[in-house]
Amino acid sequence: MSEAAPGKSPFRSAVVPAAGLGTRFLPTTKAVPKELLPVVDTPGIELVAAEAADAGAEQLLIVSSPGKDAVAAYFADSSELEKELAARGKQDLVAKVRRAHELIDVRTVTQDEPRGLGHAVGCARAAIGPDEQAFAVLLPDDLVLPTGVLNRMAEVRDRHGGSVLCAFDVPREEISAYGVFEVEDTDDEDVKRVHGMVEKPAPDEAPSTFAAAGRYLLDRAVFDALDRIEPGAGGELQLTDAIALMIREGHPVHVVVHRGGRHDLGNPAGYIRAVVDFALDDPEIGPDLRAWLAARLNG
Ligand code: G1P
């Protein structure tokens, strides 16, 4: 199978695992999936869908669980609401409402049981065409800023082949929240060859401080590896363990070290930071919020 031509997106499908219970956001997540919580006014999953579309993805495969139909519904046609808004002369709102639906084709695949991130990605297998040699995975809890790292990762796959992940350099005391890479430098300071990967190691056992940050460009060989792993950290089937298995078997894996910002929407503290960060940049609400925050912090 041929590699994608340089400059052309090497993937058509982007998998977004969104089957979790959202326990850290209970009680809200009794009724509202955490992926739909708004970052100012736009659900986190729309930001991630826009990032995937910008990088050339044509289809978003949302891995969902029973009871989370609202996530797919969010991307469905909204022409009735658009008509109503247009009749009221609210063209700006029509554009906002239409955006999610027009971004990208959305398909949902169901993960019946919460068996881990590796299992969730495996659920997307049948929805990825046999001619698609690589696909992206975007974890909707992670906002990687500024966007565009997937394009950089695609360039690295063009050059080195195999699979490419996004890494952040994190403080060692925080490392056990992540999948962690054992790396070797290349001639590009921001690209490292990966020799091993371990999920949620103790700080003194972590092979580096380079952590996986929720963006993956995976060769479809990962599906075969996912079939062969055993439950790992937390008793779950870990994507990290499938990637580690591929590395042991000679599959080239590289990381792009992202030096920008990152938000973790997966817990209330990280989510609130993201909302404040985006709101401060919003021309309409930013200035007042800034003044209020300054007064609140001094008060
Ligand atoms: C998942 C991955 C982990 C990665 C992290 C990034 O962990 O398993 O390798 O570093 O996302 O956010 P989770 O946050 O689901 O525990």
Side-chain angles (χ1 to χ4, degrees), residues 14-25 29 33-35 37 44-45 47-48 51 62-65 111 113-124 136-145 147 149-150 153 163-183 192 194 196-203 205-218 222 225-226 229-247 253-258 260-271 273-274:
V15 176
V16 177
L21 291 174
T23 48
R24 282 173 287 187
F25 283 99
T29 41
K34 75 170 173 187
E35 295 79 11
L37 297 178
I45 197 163
L47 301 177
V48 165
E51 179 185 339
I62 299 178
V63 184
S64 191
S65 54
Q111 183 187 24
E113 286 172 87
R115 294 176 59 198
L117 179 59
H119 180 256
V121 170
C123 291
V137 176
L138 294 88
L139 304 189
D141 280 355
D142 283 312
L143 294 185
V144 179
L145 301 168
T147 54
V149 75
L150 283 170
M153 290 160 64
S163 297
V164 184
L165 285 73
C166 174
F168 264 72
D169 199 359
V170 306
R172 190 166 278 272
E173 59 273 21
E174 293 169 22
I175 201 74
S176 45
Y178 299 98
V180 183
F181 303 107
E182 183 190 335
V183 295
K192 311 223 179 268
V194 181
M197 190 177 178
V198 45
E199 182 69 14
K200 299 190 172 56
E205 283 167 16
S208 76
T209 53
F210 290 112
R215 298 293 179 274
Y216 307 76
L217 177 51
L218 298 174
V222 74
L226 284 167
I229 56 167
E230 300 290 333
E236 298 189 331
L237 292 168
Q238 297 289 352
L239 182 56
T240 293
D241 293 342
I243 294 167
L245 175 59
M246 290 163 80
I247 295 169
V253 175
H254 290 78
V255 288
V256 170
V257 180
H258 186 70
R262 171 175 174 262
H263 286 300
D264 180 1
L265 302 180
N267 64 81
Y271 169 76
R273 270 194 209 189

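In listed order, ligands and their atoms are each counted from 1. Source: prediction; values computed, not measured.
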Query raised in the report: Looking at atom 5 (C) of ligand 1, what's its closest protein heavy atom, distance included?
Result: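 The protein heavy atom lying closest is A212 O, 4.0 Å.
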Report task. Write out the residue and atom name of the closest protein heavy atom to atom 8 (O) of ligand 1, then the distance separating them to 0.1 Å. Result ->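 Of every protein heavy atom, E199 OE2, 2.7 Å lies nearest to atom 8 (O) of ligand 1.
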Query raised in the report: Judged by modelled atom types alone, do H119 and E236 share a side-chain donor-acceptor pair under 3.5 Å?
Result: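 On atom types as modelled, these side chains do not qualify, holding no pair under 3.5 Å.
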Query raised in the report: Got an N/O contact under 3.5 Å between A213 and ligand 1?
Result: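 It does not: no N or O of A213 is found under 3.5 Å from an N or O of ligand 1.
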Query raised in the report: What do you reckon, does K200 have a nitrogen or oxygen under 3.5 Å from a nitrogen or oxygen of ligand 1?
Result: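 The answer is yes, given that K200 and ligand 1 share an N or O pair closer than 3.5 Å.
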List every atom of ligand 1 that sits less than 4.0 Å from any heavy atom of [X], numbering the atoms from 1 in the order shown and giving each element.
| X | answer |
| --- | --- |
| R262 | 12 (O) |
| T240 | 9 (O) |
| D142 | 6 (C), 12 (O) |

Query raised in the report: Taking non-hydrogen atoms only, is R215 closer than 4.0 angstrom to ligand 1 via side chain, backbone, both or neither?
Result: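 No part of R215 is near ligand 1 at this cut-off.
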Report task. Give the contacting part of L139 toward ligand 1: side chain, backbone, both or neither, where contact means a heavy-atom distance below 4.0 Å. Result ->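 Answer for L139: side chain.
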Query raised in the report: Between atom OG1 of T240 and atom CZ of F181, what is the distance when rounded to the nearest 0.5 Å?
Result: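 CZ of F181 is found 7.5 Å from OG1 of T240.
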Query - Approximate separation, where rounding is to 0.5 Å, of I175 CD1 and F210 CZ - result: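 Between atom CD1 of I175 and atom CZ of F210 there are 9.5 Å.
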Requested in this report: Determine whether P17 and L139 make a side-chain contact, defined as any pair of heavy atoms from C-beta on separated by less than 4.5 Å.
Outcome: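 Counting from C-beta outward, P17 and L139 do come under 4.5 Å.
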Query raised in the report: Would the number of heavy atoms belonging to other residues, nucleotides or ligands and lying under 6.0 Å from CD of E173 be above 12?
Result: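 It does: E173 CD has more than 12 such atoms within range.
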Report task. Flag atom 10 (O) of ligand 1 as yes if some protein heavy-atom distance to it falls below 4.0 Å, otherwise no. Result ->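 Yes, there is a protein heavy atom closer to it than 4.0 Å.
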Report task. Determine if the distance from atom 15 (O) of ligand 1 to the closest protein heavy atom is below 4.0 Å. Result ->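 Given the 4.0 Å limit, the answer for atom 15 (O) of ligand 1 is no, no protein heavy atom qualifies.
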Requested in this report: Please determine if D141 and K34 form a salt bridge, counting it only when a charged side-chain N lies under 4.0 Å from a carboxylate O.
Outcome: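 So D141 pairs with K34 through a salt bridge.
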**Report entry** Electrostatic pair D142:R262 at N-O distance under 4.0 angstrom
**Finding:**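 Judged by the 4.0 Å cut-off on N to carboxylate O distance, D142 and R262 do form a salt bridge.
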Requested in this report: State yes or no: are the ring centers of Y271 and F25 separated by less than 6.0 Å?
Outcome: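 Yes, the ring centres sit under 6.0 Å apart.
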